[in-house]
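Notes follow once the structure below has been shown.
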Amino acid sequence: MADNLVIVESPGKVKSIGKFLGKGYKVEASVGHVRDLPKSQMGVDIDNNFEPKYITIRGKGDVISKLKKEAKSAKKIYLATDPDREGEAISWHLAHILNIDNGQKCRVSFNEITQNAVKNALKQPREIDMGLVDAQQARRVLDRIVGYKISPLLWKKVKKGLSAGRVQSVATKMICDREREIGDFVPEEYWSIISTLEKPKTKPLFEAKFYGTKKEKIELANEEQVNLILSEIGKNKYIVQKVKEQEKKRFAAAPFITSTLQQEASRKLSFSTKRTMMVAQKLYEGVEIKGRGSVGLITYMRTDSTRISAEAQAEAGDYINKKYGAEYVPDTPRIYKNKSASQDAHEAIRPSYVDLTPDEIKDSLTPEQYKVYRLIWSRFIASQMASAVYDTVNADISAGEYLFKASGSKIKFPGFMVLYIEGKDEDSEEEVNSLPQLFEGDELELKNNLPKQHFTQPPPRYTEATLVKALEEKAIGRPSTYAPTISTILSRGYVIKDKKCLLPTELGNIVNEIMKKHFKDIVNAEFTAQMEAELDDVAEGEKEWKEVLKEFYAPFKDVLKEAEESIGNVEIPVEVSDVQCEKCGRYMVVKQGRFGKFLACPGFPDCRNTKAIVEDAGVLCPICQSRVLIKKTRKGRKYIGCEKNPECSFMSWDMPAANEACSICGSFMLQKASGKKISLYCSNEKCSSNAELKEKAELKETKNKTNSKTSAAVSKASAKVKTAAGRKKQEKDSAARKKPAGKKKAEAKKKAAAEKS
């Protein structure tokens with residue numbers, strides 16, 4: 001038996017930590033929580049000062065027995081659960097089960113699973129932080145009271161299986177409010193004028209946008225106003241009035257925190273918040289790397305701090321210097337400011353080992369692990385690189401009394417952009433407009449005037465990325481709550497996903513209206529943010545957790561009583577389809593399930609017939625000429641397939657291109673997106689046009705491989721030349737050092753005489 005017992009949460013960490021500690025240590029996992037509030041009842045004695053009733057979690061008997069057995073024979077026990085409030089609470093529950101005395105220094109925590117971090121933590125054990133434990137207890141009890149008091153009311157008045165929670169109710173309200181904004185939006189007309197200009201005898205052509213007069217900006221409201229201005233402009237020459245050239249810098253984005261990782265993974269990888277956190281958790285706990293064993297690849301992934309340790313900054317600086325050169329290393333290490341609400345308990349999310357590049361360990365990772373690790377690794381390294389530098393030009397161009405503005409930019413030094421550029425939630429309106437060299441007084445030639453009508457657009461629907469961003473900005477929830485909150489409102493059927501957008505369902509709108517009318521504080525963003533601030537005060541030891549619950553419950557109890565009396569039974573509207581049930585003849589109705597909408601017989605439970613909702617793609621199958629239907633997988637991904645499937649094998653993930661037919665065989669065309677580029681190909685696999693495309697693709701791939709090999713050969717040859725040159729220089733220097741002093745003086749005199757002559 002080992003003298004020291006280290007208890008972690010996840011079995012995935014056991015290997016990673018065990019290999020650092022050696023024979024004197026035994027590492028075991030609690031496999032998450034060991035005690036919790038019961039599921040069958042609220043588990044909180046409100047009348048007894050909100051005392052929680054913890055029970056051993058069902059199914060954890062064997063785990064607890066094993067931990068007790070190991071603890072009896074161990075001289076020292078270390079509780080090394082995750083470094084956050086929940087991890088602190090798990091350690092507290094473990095201490096209770098293992099009879100570890102209060103005040104005993106048994107708690108260790110580390111931000112990354114590396115040898116230094118783990119060994120240093122074990123040298124400095126501390127007492128369990130009861131401030132963090134009480135903050136977690138307060139959150140758990142508060143959410144239990146809200147859920148177990150409001151949810152039964154929704155079951156009784158609306159339908160079974162519904163739930164209400166502090167953060168999920170606010171998130172649902174935000175999505176419902178945004179949909180209402182979109183529905184109420186009235187577009188407004190506006191216009192723009194873009195002039196295409198040329199400086200004589202120079203290239204290229206460039207564009208200038210209408211601004212107004214030399215005195216003020218003019219908003220173009222209608223076509224009549226635009227035509228009047230165009231008629232006046234036509235009588236005048238375009239003259240450059242002012243040119244401003246300057247150098248601008250673009251700074252790298254900060255290393256990831258939980259919310260920004262979820263947002264960027266949604267934008268760049270189309271990952272849900274839940275999927276992102278599951279992959280990140282595995283990367284943190286440890287992955288089997290060839291030649292290294294189990295390695296924790298990233299630091300702790302639940303954090304709201306952008307802080308980076310000095311050691312990690314130094315490692316990043318050394319890597320950047322070797323890989324890209326000294327000019328890519330900033331003069332001083334990059335330090336990023338945290339947001340005011342940040343707890344700064346941990347570092348930012350970064351790679352544990354800078355030298356383990358994504359491509360070097362790609363073969364040891366699953367595709368999704370590789371993508372998330374590459375995102376984290378690249379973002380961190382870029383955050384420690386020098387800024388990008390642009391040369392920008394802004395020109396004011398007059399046409400009579402009217403003024404146009406032109407701007408252009410050119411990258412002078414790419415800096416961090418050689419490695420990573422942050423994604424955006426909306427399409428950027430920035431355009432690369434290369435300007436010729438302009439001087440004040442230059443006369444320009446007008447090539448074309450393009451007036452264009454526009455309409456204002458409603459606010460965009462929330463995606464998982466933008467919802468997380470909004471929740472963070474409003475200080476609603478903590479880093480650990482974003483993913484489960486979104487998963488809950490999707491699984492409850494309050495919200496559905498259409499591509500990346502989150503849309504409220506009829507059920508979501510009904511529940512939201514009930515919550516808004518009867519539980520205003522619960523769905524109030526400011527109130528929820530205030531509760532988070534009070535929980536932070538509990539964690540800091542500035543407030544007593546049961547006092548926070550008392551302040552909340554007194555008014556909540558009265559609101560709950562009033563709601564029970566005033567809410568009547570709510571009927572959810574039933575959407576009847578035109579599809580008849582083939583078993584009983586009734587018209588089927590549309591139902592919402594966890595995987596989206598489907599058709600069900602209204603005769604349930606006598607008739608249990610269900611059908612998937614399919615949409616006609618409006619094209620004919622290239623194999624059997626039957627209808628092609630748009631279908632969905634269980635995870636909601638769209639695809640098209642023949643209505644006679646499985647007899648007919650036609651299926652494609654790509655959607656049909658509208659009104660596009662193959663010029664060779666007449667079958668419909670499919671569209672494949674690669675970034676912003678969309679390419680078309682024939683839906684008929686046997687069509688010769690596809691053979692041509694395949695041949696071109698293979699030719700391009702062969703060419704790329706050849707270029708890659710040539711480049712590698714050139715690099716290798718260059719390295720050999722450098723090595724040979726270095727060796728010659730070394731030999732020359734060595735020979736020079738071995739020369740006698742007298743010979744050196746004679747050579748120096750000879751050289752001086754030659755230079756003088």
Check the pair Glu526 / Gln530 against side-chain contact (heavy atoms from CB on, under 4.5 Å), numbers first and verdict last. CA-CA 6 Å; Glu526 288 75 19; Gln530 181 191 334; over 6 Å; no
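- Within the model, atoms OG of Ser383 and CD1 of Ile308 stand 6.0 Å from one another, a figure rounded to the nearest 0.5 Å.
- A salt bridge between Arg107 and Asp129 is absent, with no side-chain N of the basic residue lying under 4.0 Å from a carboxylate O of the acidic one.
- Salt-bridge formation is detected for the pair Glu264/Arg267: a Lys NZ or Arg NE/NH1/NH2 atom is positioned less than 4.0 Å from an Asp or Glu carboxylate oxygen.
- For the pair Leu162 and Val511, the minimum side-chain heavy-atom distance is below 4.5 Å.
- Within the model, atoms CG of Leu142 and CG of Leu535 stand 7.0 Å from one another, a figure rounded to the nearest 0.5 Å.
- Under a 4.0 Å N-O distance rule, the pair Glu532/Arg166 qualifies as a salt bridge.
- Ion pair Arg85/Asp536 flagged as a salt bridge, since at least one NZ, NE, NH1 or NH2 atom sits closer than 4.0 Å to an Asp/Glu carboxylate oxygen.
- Going from atom CG of Asn111 over to atom CZ of Arg307 covers 7.5 Å, rounded to the nearest 0.5 Å.
- Using modelled atom types and a 3.5 Å distance limit, the side chains of Tyr370 and Asp359 yield a donor-acceptor pair.
- Cation-pi geometry between Arg379 and Tyr420 is not met: the NZ or CZ atom fails to fall both under 6.0 Å from the ring centre and inside 45° of the normal.
- A donor-acceptor contact closer than 3.5 angstrom is absent between the side chains of Glu347 and Thr303.
- In this structure, Glu513 places its CD atom where more than 12 heavy-atom neighbours from other residues, nucleotides or ligands lie under 6.0 Å away.
- In Lys274, the NZ atom is not crowded: 12 or fewer heavy atoms of neighbouring residues, nucleotides or ligands sit closer than 6.0 Å.
- For Met651, the CE atom sits in a packed shell: over 12 heavy atoms of surrounding residues, nucleotides or ligands are nearer than 6.0 Å.
- For Asp654 and Lys638, the salt-bridge test fails: no basic side-chain N is under 4.0 Å from an acidic carboxylate O.
- Few gaps surround NZ on Lys516; more than 12 heavy atoms of other groups in view lie less than 6.0 Å from it.
- Between the side chains of Arg292 and Ser364, no donor-acceptor pair is found at a separation under 3.5 Å.
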For Leu503 and Val495: C-alpha separation, side-chain torsions, deciding distance, then whether side-chain contact (heavy atoms from CB on, under 4.5 Å) applies. CA-CA 5 Å; Leu503 286 77; Val495 172; 5.8 Å; no
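- A donor-acceptor contact closer than 3.5 angstrom is absent between the side chains of Glu464 and Ser272.
- Going from atom CZ of Phe256 over to atom OG1 of Thr276 covers 10.0 Å, rounded to the nearest 0.5 Å.
- Considering only heavy atoms from C-beta on, Leu283 comes within 4.5 Å of Gln369 through its side chain.
- The residues Arg461 and Asp498 are annotated as not salt-bridged, no charged nitrogen and carboxylate oxygen being separated by less than 4.0 angstrom.
- Using modelled atom types, one finds no donor on one side chain facing an acceptor on the other under 3.5 Å when comparing Arg35 with Thr56.
- Taking CG of Leu490 as the start and OG1 of Thr505 as the end, the distance is 10.0 Å to the nearest 0.5 Å.
- Each of Arg140, Gln137, His93 was checked for a side chain to side chain donor-acceptor pair (under 3.5 Å) with Tyr54, and the lone residue meeting it is Gln137.
- Ala89 and Gln136 get closest at one heavy-atom pair: CB-CG, 3.7 Å.
- In this structure, Tyr319 has its ring center closer than 6.0 angstrom to the ring center of Trp377.
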